[in-house]
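Here is the structure we will look at.
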2 protein chains.
Amino acid sequence: MNESHFSLDDLLLLLDVADAGSLTGAAQRRGVPLPTLSRRMTRLERDSGRVLFLRGKAGYALTAEGRALAAEAAELRAVRRRVALWADAGHGPAPVRITAGTWTSRHLARALSPGRNPLWLPLFLPSNAPLDLARREADIGIRNRPPDSSRLARRRLRRIGYAVYGSSAEVTGYVAQPDGPGLAASQRWLRAEHGDEIATTASDLRLCLDLALAGFGRVVLPCFAGDAETGLRRLSDPIAALAHDEWLVSHHEARHDPPVRAALDTIARTLSAAPPGDD
Amino acid sequence: MNESHFSLDDLLLLLDVADAGSLTGAAQRRGVPLPTLSRRMTRLERDSGRVLFLRGKAGYALTAEGRALAAEAAELRAVRRRVALWADAGHGPAPVRITAGTWTSRHLARALSPGRNPLWLPLFLPSNAPLDLARREADIGIRNRPPDSSRLARRRLRRIGYAVYGSSAEVTGYVAQPDGPGLAASQRWLRAEHGDEIATTASDLRLCLDLALAGFGRVVLPCFAGDAETGLRRLSDPIAALAHDEWLVSHHEARHDPPVRAALDTIARTLSAAPPGDD
DNA sequence: GAAATGACTTTCATTCATGAAAGTCAGTTT
DNA sequence: AAACTGACTTTCATGAATGAAAGTCATTTC
């Protein structure tokens, strides 16, 4: 019924007046001219249609209904404080949303040292949902092929090779993800080539790795991930059908955002310096 | 360092723009003219000294730093919603702060039926601290003598009589509060008249009652409280030295506050209708 | 009992924000 | 290629909020 919303700034002043107990006190503490306070509080009462203050020679005191409103608005104090801290803090790290596959995400998470990122902070989004960079659902994506949209900036990184890994050469069978839509290319390849050798499945890729480490079967992994796993040995030549380039993708305009730009640079450096998987 | 605080209303608009993804969308949803939105967001950026939005043909998108600010201000959405509910809700119960002695508080808490108080809700303040009604630390007080200040409205209620109670006539000794400042008159009388018969003490008056019910000793209680306790029997005549009138006190201006006025009326009715203690 | 104090309200000129309409610009449609 | 569309910015006259100073009113002090 009521469409006229209240000014949160006025509500914040109401809290200040309530704390101070008088317009004079609140005006001094907040640096707001006293007449302005008087008018804002009166307007609040007019708009709400209720008496919020008792005006007396001692000052302004909240009525019972005023206290009810103050209780609803009490959080504003905390928000003011937090925003002021944000404003004063000299450019704390800004969150940059990154979407990448499981292994690339892990690699990045290990390679980016937190101490040396004053400008940005990586924020890894869940990699299962295919996020739309054109719709700004993420700032930076790492994909296995260049994007369709012309709005997206792209940059080729290292070439990724895949191979079969296992805890030892004696291990037979494979650990795979359960079949379903949205399966990665390496998993589709595994089901096509060795579908009858799948010993067990886990929907979480990290869990597949754990199973392989425990000897439940072999896994197909990007070489940069598999080679880095001390408990695993490479058990095959690189799989030619799966080799692909890795692409760093972002919205074209996002490159004007300093934290995103810094993140792009750092990620590009990180994922190029790494020894490329064999072709 | 930064003294210029931000307008919470502008921050709320920032959240709306972030949600909508464009000024146009936010302007329609919130009923704010689009030029105003443009200016407010620009001002926010100027005041914070940071780029908060990426402006593109698709609309406004938050930068990484803009998202950091939005995270700090996210609660504002909830506050807006709660305040709007408060404004729309047809006068929900307003809290009325009441300060009274232990037994009167309990009597009131039992006598006031919660279902029939659409206008106000009793809020009992801790009765140990002597709250100053003149300084508006409470809305309504129930005292054993008329107030000093002429600023306070007063109204005489029933007369309160005191007597000695115990679980049976055979019980000897007394249960009292430990000595100290701020002791009630009945406790002072007990220490003066039967100080050498005090068997045990408890700083909480309710605990004294529990001890008396368990047979640890006798207690001095207002008759309206002692008579209502089924496990207790009156073991003495009313104590003439302790009888006093009960006074309903409030700030003079508080009577212009409808919830407080309603509470005063209800309390006065409740504490007059009750059978008065003997004189 | 008159003056001073404290707390708020009112007045009024000024400043600032508003909002309707016109302007810009990039991408899309015909 | 020209016109259109969508999204924002700019312009400018208007209206609203501001703030300094004067005005009220009840209490406190001398």
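Atoms considered below: every heavy atom in the structure, side chains included; atoms not considered: hydrogens, waters and symmetry mates. Since this is a predicted model, take the numbers as computed values, not measurements. Order of the sequence lines fixes the chain letters, A, B, ..., with proteins taken first and strands second; residue numbering starts at 1 for each chain.
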Residue-phosphate contact under 4.0 Å: [X] side-chain N/O, [N] OP1/OP2:
{"X": "Ser22(A)", "N": "dG6(C)", "result": "no"}
{"X": "Thr24(B)", "N": "dG6(D)", "result": "no"}
{"X": "Arg43(A)", "N": "dA17(D)", "result": "yes"}
{"X": "Ser38(A)", "N": "dT9(C)", "result": "yes"}
{"X": "Tyr60(A)", "N": "dG6(C)", "result": "no"}

Rounded distance (Å) that lies between atom [atom2] of [N] and atom [atom1] of [X]:
{"X": "Met41(B)", "N": "dA7(D)", "atom1": "CE", "atom2": "P", "value": "18 Å"}
{"X": "Leu152(A)", "N": "dG27(C)", "atom1": "CG", "atom2": "P", "value": "13 Å"}
{"X": "Gln28(B)", "N": "dG6(D)", "atom1": "CD", "atom2": "C1'", "value": "11 Å"}
{"X": "Leu13(A)", "N": "dA17(D)", "atom1": "CG", "atom2": "C1'", "value": "13 Å"}
{"X": "Asp10(A)", "N": "dT18(D)", "atom1": "CG", "atom2": "C1'", "value": "13 Å"}
{"X": "Asp9(B)", "N": "dT18(C)", "atom1": "CG", "atom2": "P", "value": "10 Å"}
{"X": "His251(A)", "N": "dA26(C)", "atom1": "NE2", "atom2": "C1'", "value": "13 Å"}
{"X": "Leu34(A)", "N": "dA22(D)", "atom1": "CG", "atom2": "C1'", "value": "14 Å"}

Please walk me through it: do Ile140(B) and Arg97(B) pass side-chain contact (heavy atoms from CB on, under 4.5 Å)?
CA-CA 6 Å; Ile140(B) 294 176; Arg97(B) 297 167 302 174; over 6 Å; no

Mind checking [X] for me? I need base, sugar-phosphate or nothing, with any heavy atom below 4.0 Å counting as a touch.
{"X": "Arg39(B)", "result": "base"}
{"X": "Pro35(A)", "result": "base"}
{"X": "Leu37(A)", "result": "nothing"}

Does the plane of the ring in Phe6(B) sit parallel, tilted or perpendicular to the ring in Trp86(A)? Use 30° and 60° as the thresholds.
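Taking Trp86(A) first and then Phe6(B), their aromatic rings stand perpendicular (interplane angle over 60°).
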
If you only use heavy atoms from C-beta on, which nucleotide in dT18(D), dC8(C), dC8(D) is closest to the side chain of Arg40(A)?
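Among dT18(D), dC8(C), dC8(D), the one nearest the side chain of Arg40(A) is dT18(D).
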
Considering only dC8(D), dG19(C), dA7(C), which nucleotide approaches the side chain of Pro33(B) most closely?
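Ranking dC8(D), dG19(C), dA7(C) by closest atom to the Pro33(B) side chain puts dG19(C) first.
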
Lys/Arg-Asp/Glu bridge criterion (N-O < 4.0 Å) met for Arg29(B), Asp19(B):
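So Arg29(B) does not pair with Asp19(B) through a salt bridge.
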
Check this for me: does any side-chain nitrogen of one of Arg80(A) and Asp16(A) sit under 4.0 Å from a carboxylate oxygen of the other?
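The answer is yes: the pair qualifies as a salt bridge.
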
Which residue, Arg156(A), Arg158(A), Arg159(A), forms the side chain to side chain donor-acceptor pair (under 3.5 Å) with Glu246(A)?
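When Arg156(A), Arg158(A), Arg159(A) are each tested with Glu246(A), the side chain to side chain donor-acceptor pair (under 3.5 Å) holds only for Arg158(A).
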
